[in-house]
Colleague: 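One structure coming up, written as structure tokens, with questions to follow.
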Protein chains: 2
Amino acid sequence: MKIGQLSKVSGCSIQTIRYYEKEGLLNRPSRSEGNFRLYDEKSLKELEFVKHCRNLDIPLLDIKTLIDLKHRPEESCSSINDLIAKQLDLVNQRIKELNALKSELQIMKKACSSDSTVERCGIMKTLEV
Amino acid sequence: MKIGQLSKVSGCSIQTIRYYEKEGLLNRPSRSEGNFRLYDEKSLKELEFVKHCRNLDIPLLDIKTLIDLKHRPEESCSSINDLIAKQLDLVNQRIKELNALKSELQIMKKACSSDSTVERCGIMKTLEV
DNA sequence: TATAAAACCTATAGTAACTATAGAGTCAAG
DNA sequence: CTTGACTCTATAGTTACTATAGGTTTTATA
């Protein structure tokens, strides 16, 4: 299949697919007579692996590490473990931060008597200092 | 005070301060004989306003809007309200996403029997397909 | 068969919000 | 008077894409 088709079945944009290839996350596909990329089922699997990792917010560099590891199946998987643990820490950290944000934004929202003026806006006041 | 001092008291990096100025979020400060930026208390207040907004993850463009509104105190504050509400929606959305991530990452972490090989790594398996 | 439209190609620039660097000028202390 | 700390501007790099320009190939229609 050509790139447009792969884009459709994978849900990744055409540019993103080409970008992943450039970044070394996907194997170079074969090319047609006229230099069009030609993909098969294996390519789709590869792309889905990347996509799944991205859904977990794993950075491209880390995904590259995972792909490299897949090619060394004998190796200890502790680095995979570390990578996931790191990701989990990040996510937990970010959730904490966002919950703090949420509280403050909620307070701000309440502070605004909606059809007041900027001058007397409760929100604007909470932003000062 | 000079930029290094402002950086210290505000907790923003020197580059960030210059960047905010370039983006029109801070008034151009006066300059010394030798072309150094000279700040006063008012500058610090301005910077702290921006910083506070950034802590709430409000985008620079929206902060600019808020600053513009401050200069028109008579105006209705409904746009401020909208802006904060929009921000709150985003934060809530992101928290939801991150909680989903968290669950999946936790499952993955459990799937890994730590000192296994890549080949038999439970995490790697959850990433396939 | 001609041609137009759709799909594809590469290379480059833009996005957000900074951070880092290069290369030069300014200023205070010893 | 020189050394080192600080500042200046301008530019490039970061992440993970998205968008665009300008060109080629394929496919569908007339």
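The sequence lines fix the lettering, A, B, ..., with proteins before strands; numbering per chain opens at 1. Just so you know, these numbers come straight off a predicted model, no measurement behind them.
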Colleague: So, do Leu25(A) and Tyr19(A) sit near enough that their side-chain heavy atoms are less than 4.5 Å apart?
Modeller: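 Heavy-atom side-chain distance check fails, nothing below 4.5 Å.
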
Colleague: Inspect the contact between Glu21(A) and Arg18(A) and indicate whether a charged nitrogen and a carboxylate oxygen are less than 4.0 angstrom apart.
Modeller: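 Glu21(A) and Arg18(A): not salt-bridged.
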
Colleague: Roughly, in whole Å, what's the span from CD1 in Ile63(B) to C1' in dC18(C)?
Modeller: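 Rounding to the nearest Å, CD1 of Ile63(B) and C1' of dC18(C) are 13 Å apart.
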
Colleague: By the definition side-chain contact (heavy atoms from CB on, under 4.5 Å), identify the one residue from Met108(B), Lys102(B), Lys109(B) that meets it with Gln106(B).
Modeller: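 Testing each of Met108(B), Lys102(B), Lys109(B) against Gln106(B), the sole residue satisfying side-chain contact (heavy atoms from CB on, under 4.5 Å) is Lys102(B).
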
Colleague: With side-chain contact (heavy atoms from CB on, under 4.5 Å) as the test, pick out the partner of Leu98(A) among Leu90(B), Leu98(B), Asn92(B).
Modeller: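 That would be Leu98(B).
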
Colleague: Please report the distance, rounded to the nearest Å, between CD1 in Ile14(B) and P in dA10(D).
Modeller: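 Taking CD1 of Ile14(B) and P of dA10(D), I get 18 Å after rounding.
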
Colleague: Start at the 5' end of DNA chain D and walk down; is the nucleotide closest to Glu33(A) or to Gln15(A) reached first?
Modeller: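 Looking at the nearest nucleotide for each, Gln15(A) comes out on the 5' side.
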
Colleague: How many whole angstroms separate atom CZ of Phe36(A) from atom P of dC8(C)?
Modeller: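 About 7 Å, once rounded to whole Å.
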
Colleague: I'd like to know if Asp57(B) pairs up with Lys86(B) as an ion pair, taking the criterion as any Lys NZ or Arg NE/NH1/NH2 lying under 4.0 Å from an Asp or Glu carboxylate oxygen.
Modeller: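 Lys86(B) and Asp57(B): not salt-bridged.
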
Colleague: Any side-chain N or O of Thr16(B) less than 4.0 Å from the OP1 or OP2 oxygen of dT19(C)?
Modeller: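 Checking Thr16(B) against dT19(C): at least one side-chain N or O falls below 4.0 Å of OP1 or OP2.
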
Colleague: Using atom NZ of Lys8(A) as one end and atom P of dA6(C) as the other, report the distance to the nearest whole Å.
Modeller: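 My rounded result for the distance is 12 Å.
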
Colleague: Looking at Arg54(B), I'd like to know whether one of its side-chain N or O atoms comes within less than 4.0 Å of OP1 or OP2 on dC18(C).
Modeller: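 Arg54(B) to dC18(C) OP1/OP2: side-chain N or O found under 4.0 Å.
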
Colleague: In whole angstrom, give the distance that lies between atom OH of Tyr39(A) and atom C1' of dC8(C).
Modeller: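 Value for this atom pair: 11 Å.
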
Colleague: Return the 5'-most residue of the pair Leu61(A), Arg37(B) with respect to DNA chain D, ranking by each residue's nearest nucleotide.
Modeller: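 Looking at DNA chain D, the more 5' nearest nucleotide goes with Arg37(B).
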
Colleague: Roughly how many Å is it from CZ in Arg31(B) to P in dG25(C), rounded to a whole number?
Modeller: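 Taking CZ of Arg31(B) and P of dG25(C), I get 16 Å after rounding.
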
Colleague: Both Leu60(B) and Lys2(B) contact DNA chain C. Which one's nearest nucleotide lies toward the 5' end?
Modeller: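 Of the two residues, Leu60(B) wins.
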
Colleague: Quick one: is the NZ or CZ of Lys51(B) closer than 6.0 Å to the six-membered ring centre of Tyr20(B), and within 45° of its axis?
Modeller: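 That pair does not qualify as a cation-pi contact.
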
Colleague: What is the separation between atom CE on Met1(A) and atom P on dC8(C), rounded to the nearest whole Å?
Modeller: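 In whole Å, dC8(C) P lies 12 Å from Met1(A) CE.
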
Colleague: Asn35(B) has an atom CG; how far is it from atom P of dC6(D), in whole Å?
Modeller: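 Going from CG in Asn35(B) over to P in dC6(D) covers 19 Å.
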
Colleague: Return yes when atom CZ of Arg31(A) has more than 12 non-hydrogen atoms of other residues, nucleotides or ligands closer than 6.0 Å, and no otherwise.
Modeller: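 Yes, CZ of Arg31(A) has more than 12 neighbouring heavy atoms, counting only those of other groups under 6.0 Å.
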
Colleague: Among residues 18-27 of chain A, which contact DNA chain D at a heavy-atom distance under 4.0 Å?
Modeller: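 Contacts with DNA chain D under 4.0 Å: Tyr19(A), Tyr20(A).
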
